[in-house]
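Remarks on the structure that follows.
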There are 2 protein chains.
Amino acid sequence: MRLSQTAEYALRAALHMAEHDGGTAIPVGDIAKSLGVPRNYLSKILHQLARAGVLVSTRGPGGGFRLRDSPDQLTLAEVVSPVDPIADERRCLLGREECSNINPCAAHGRWGAIAESMRAFFFETTLADLATRGGKESRRKQAIP
Amino acid sequence: MRLSQTAEYALRAALHMAEHDGGTAIPVGDIAKSLGVPRNYLSKILHQLARAGVLVSTRGPGGGFRLRDSPDQLTLAEVVSPVDPIADERRCLLGREECSNINPCAAHGRWGAIAESMRAFFFETTLADLATRGGKESRRKQAIP
DNA sequence: TCTATTTATCACATAATCATGTTGAATAGA
DNA sequence: TCTATTCAACATGATTATGTGATAAATAGA
């Protein structure tokens, strides 16, 4: 009942880039060392994010990965979804086919509210919101007060 | 970001038993057929629940599984935890060591509220609350309005 | 051009999850 | 006691998640 390891790495790496944002690319090795996560594995994850358009990769000396957009324009959902199917369609906690929005099961309403708040958190929160570096912590919308 | 397949099976099976409660044991085969899940796999899951004290198993003709307690005395957490570590300690969404309740990261507070509501849902909701069969839908506490 | 740096990609290794099949043990009832 | 029923236990396989290592490709700069 939590983020996959992969998604967690992706999020922490993106956050690290947001916090050390300078428009300059950061090598995988540096990020891996900072976060204390396996280098090669992180490399693959960042590559996935690059293919998804969340990051930009540059090869060769001075290369590395950087965020495609500014941190206040990237939601957690955008970072996580390429590696972990977040907020999927079936809102029903149980896998019941007979349960839908039209004919909801008892869990539907009560769990639905929680699922919705989770969805909102991932889709409304930006990297800038979570970055610890002081300064311009602009945020988009605020679903959770 | 959802229950494991195993936990979902456990929950659905327990719910099925709550809805067909008569103090009588139900064979795995019947439950598996009703839920449309693999029989042998469900058997192992129910066995785990029995060892955890959530279910009682009876062998031989007329045997099967039944709930140890009445549905309004069994929380979702009790059913799910034997097969899926739910609501674990680390409240921090990211795996940051430097993040604790004393020195929280930016995600901490906002995500913490959601994590807490999830925890409450699993620990305060009983099988009776989710059982669709009409009648005595007694509930313990109501954390989520 | 040559070299150092860095991502991209491929091939595995390992463990967990998900699932199936088979056999053994217990038990109710004839 | 015999038999059908049912859980218990074990072995095994498939798939996915997680992680490692080696090599190829790109590129900046001397």
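The chains referred to below are lettered A, B, ... by the order of the sequence lines, with proteins before strands, and numbering in each begins at 1. Remember, it's a predicted structure, so these values are computed and weren't measured experimentally.
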d([atom1], [X]; [atom2], [N]) in whole Å:
X	N	atom1	atom2	result
L55(A)	dT6(C)	CG	P	17 Å
I31(B)	dT5(D)	CD1	C1'	15 Å
I26(B)	dC7(D)	CD1	P	11 Å
D30(A)	dT5(C)	CG	P	13 Å
E8(B)	dT17(C)	CD	C1'	14 Å
Q48(B)	dC18(C)	CD	P	11 Å
L3(B)	dC18(C)	CG	P	11 Å
I45(B)	dA8(D)	CD1	C1'	15 Å

Report yes if a side-chain nitrogen or oxygen of S57(B) is closer than 4.0 Å to either non-bridging phosphate oxygen (OP1 or OP2) of dT6(D); otherwise report no. no

For dG21(D), take OP1 and OP2 only and decide whether either is under 4.0 Å from a side-chain N or O of Y41(A).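 Negative; the distance criterion is not met.
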
Between [X] and [Y] (side chain of the first, backbone of the second, donor and acceptor by atom type, cut-off under 3.5 Å), is there such a pair?
X	Y	answer
S117(A)	I114(A)	yes
H16(A)	R12(A)	no
E78(A)	T75(A)	yes
D84(B)	S81(B)	no
D30(B)	P27(B)	no

Cut-off 3.5 Å, side chains only: do T6(B) and Y41(B) have a donor facing an acceptor? yes

Choosing from dC18(C), dC7(D), dT20(D), which nucleotide comes nearest the side chain of T6(B)?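 Comparing dC18(C), dC7(D), dT20(D) against the side chain of T6(B), the answer is dC18(C).
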
Counting heavy atoms from C-beta on, name the nucleotide in dT7(C), dG19(D), dC18(C) closest to the side chain of Q5(A).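 Nucleotide nearest to Q5(A)'s side chain: dG19(D).
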
For Y9(A) and R39(B), take the nucleotide of DNA chain D holding the closest heavy atom to each; which residue's nucleotide lies nearer the 5' end? R39(B)

Could you go over nucleotides 9-15 of chain C and give all protein N or O partners under 3.5 Å, atom names and distances?
| from | atom 1 | to | atom 2 | distance (Å) |
| --- | --- | --- | --- | --- |
| dT9(C) | OP2 | H47(A) | NE2 | 2.5 |

If we only count heavy atoms from C-beta on, is the V56(B) to L67(B) side-chain gap below 4.5 Å? no

Stepwise, does the side chain to side chain contact (heavy atoms under 4.5 Å, CB included) test hold for L46(B) with M17(B)? CA-CA 11 Å; L46(B) 295 190; M17(B) 284 184 258; 4.2 Å; yes

What is the ring orientation for F121(A) with W111(B), classed by angle as parallel under 30°, tilted 30 to 60°, or perpendicular over 60°? tilted

For DNA chain C, determine which residues of residues 58-70 of chain B have any heavy atom closer than 4.0 angstrom to one of its atoms, and list them numerically.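 Of all residues in residues 58-70 of chain B, the ones placing a heavy atom under 4.0 Å from DNA chain C are R59(B), G60(B), P61(B).
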
